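The block underneath contains the structure these notes are about, expressed in C-alpha cells.
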Amino acid sequence: MTTRTAFIVAVAILTVYNVARGLGAFGRLTGVAAILLALAMLAVARAAQLGSTDLGLAASDVPNGLRYGAAVLGLVVVVLVVTAAIPATSHFLDDERADLSVGGLVYAVVVSTLLVTVLPEELAFRGVLLGAGRELWSDLRAVVVSSLLFGLWHISPTLGTMSSNRETAGTAASAWGAAVLVAGSVAITFAAGVVFCWLRIRSRSLVAPVLAHVATNGAAFVVAWFVVRGHG
C-alpha cells in the first residue's frame, strides 16, 4: 500500500467510525470499537510500511515525550485550577457529566478518556495521519491537514454533548446557536491539533501529545468534578 493510499484509507476508516459513533451504533461496545479503531490504524500503518519513528512510537524517544508532555500537563492543570477558583469563570467548568461518584470519575478519566478517546485519536491523527502526511507533503501542510481533520472529527461529539454544559445549553437550544457552538468546537480542536502536532514533531514521540490530550480532556474533567461537587 502506498503512503497516499494509506492516508486515504485511514481517513475513510475514521469517517465511518465517526458517523457510526454519532448514530449510537456502538452502544455498550464503545470501548471495543475504540480498540478495533486503534488496531485498524496500526494495520494501515504497517501496510504502508510506516515505522515506529514515523508514528512516534520509538522507545528511544519516550523520555523526550514525557518531558514535553509533563510540562504541558502541568501548565493546563494550573490554568484549570485558576479558572475554577475564580467565581466569574468557574461556571464554564460546571458540566453535569462530571456529576459522578469517585469510582465513576476514575472510570471516566482512565477508561473513557485515556483508553477509549485519547490513545486511539492520537494514534490516528498524530501517528498515522501526521506520519503519512509528512511523507507526502511538507511538515506544515501535514500539520494543517491532520489538524483540520481532527477539528471536523469533533462535530459529532459536540452535537451530542453541548446540551450537557449549563453554560452552553441555552445557546444549543437554537439551530443558529448550535451551529456557532459546533464551529467554535472545530476551531478550538483544530488549534489543539496544531499544538499536539507540534509536540509530536518537536519531541519525536507520541507520548507528548497523549499527555497533552489527557490534560485537556481528563484534567479538565477532574477539575469540573470538583466544581460540580462544590456547587452541589
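The structure presented is a predicted model; accordingly, all values stated were derived computationally and were not measured. Note that the numbering runs from 1 along the sequence shown for the chain.
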If you round to the nearest 0.5 Å, how far is CG of L55 from CG of L129? 10.5 Å
Answer with yes or no after comparing the ring centroid distance for W153 and F190 against a 6.0 Å cut-off, counting only values under it. no
Would a hydrophobic clustering, with Ile, Leu, Val, Met, Phe, Trp and Tyr connected at side-chain separations under 4.5 Å, put V210 with L115? yes
So do the side chains of V11 and T15 get within less than 4.5 Å of each other, counting heavy atoms only? yes
Quick one: OG on S203 to CG on D61, what's the gap to the nearest 0.5 Å? 7.5 Å
Member of V207, L211, L199 meeting the side chain to side chain contact (heavy atoms under 4.5 Å, CB included) criterion with Y68: L199
Side chain proximity check, S146 to C197, heavy atoms < 4.5 angstrom: yes
When rounded to the nearest 0.5 angstrom, what is the spacing between CZ in F125 and NE2 in H213? 9.5 Å
Do R126 and F150 meet the cation-pi criteria used here (NZ or CZ under 6.0 Å from the six-membered ring centre, within 45° of the axis)? yes
Would you check, one step at a time, whether the test side chain to side chain contact (heavy atoms under 4.5 Å, CB included) holds for V9 with I13? CA-CA 6 Å; V9 170; I13 291 172; 3.9 Å; yes
Shortest non-hydrogen contact from G151 to V186? O-CG2, 3.5 Å
Less than 4.5 Å apart, any side-chain heavy atom of L14 and any of N18? no
Same cluster or not: V102 versus F221, using hydrophobic residues (I, L, V, M, F, W, Y) connected whenever any side-chain heavy atoms lie under 4.5 Å apart? yes
Which value, rounded to the nearest 0.5 Å, describes the distance between L130 atom CG and L149 atom CG? 11.5 Å
Are the side chains of R204 and T53 in touch, meaning some heavy atoms are under 4.5 Å apart? no
Taking all atoms of both residues into account, what is the closest heavy-atom pair of S205 and G65, and its distance? CB-CA, 3.8 Å
Does the side chain of V214 reach to within under 4.5 Å of the side chain of L114, using non-hydrogen atoms? yes
Side-chain touch F7/L136, heavy atoms, less than 4.5 angstrom: yes
Could you tell me if the side chain of R46 sits less than 4.5 Å from the side chain of M1, heavy atoms only? no
Over all heavy atoms of both residues, which pair between L206 and G127 is shortest? Give the atoms and the distance, please. CD1-N, 3.9 Å
Which heavy atom of D139 sits nearest to which heavy atom of R134, and what is that distance? OD1-NE, 3.0 Å
Between T113 (side chain) and G218 (backbone), is there a donor-acceptor pair under 3.5 Å? no
Taking all non-hydrogen atoms of both residues into account, name the closest pair between L50 and V128 and its distance. CD1-O, 4.2 Å
Heavy-atom pair of closest approach, residues D54 and Q49: OD2-O, 4.3 Å
Run the ring-centre check on F26 versus Y17 and record whether the distance is less than 6.0 Å. yes
Does I201 reach the side chain of V143, with side-chain heavy atoms less than 4.5 Å apart? yes
Just how far is it from atom CD of E122 to atom CG of L57, taken to the nearest 0.5 Å? 11.0 Å
How long is the straight-line distance from CG of L73 back to OG1 of T216, given to the nearest 0.5 Å? 10.0 Å
In terms of hydrophobic clustering (I, L, V, M, F, W, Y; side-chain heavy atoms under 4.5 Å; direct or indirect links), are L36 and L29 co-clustered? yes
Determine, using the 4.5 Å side-chain heavy-atom cutoff (strictly less than), whether V195 and L80 are members of one ILVMFWY cluster. yes
Same hydrophobic cluster for V44 and W137, using side-chain heavy-atom links shorter than 4.5 Å among ILVMFWY? yes
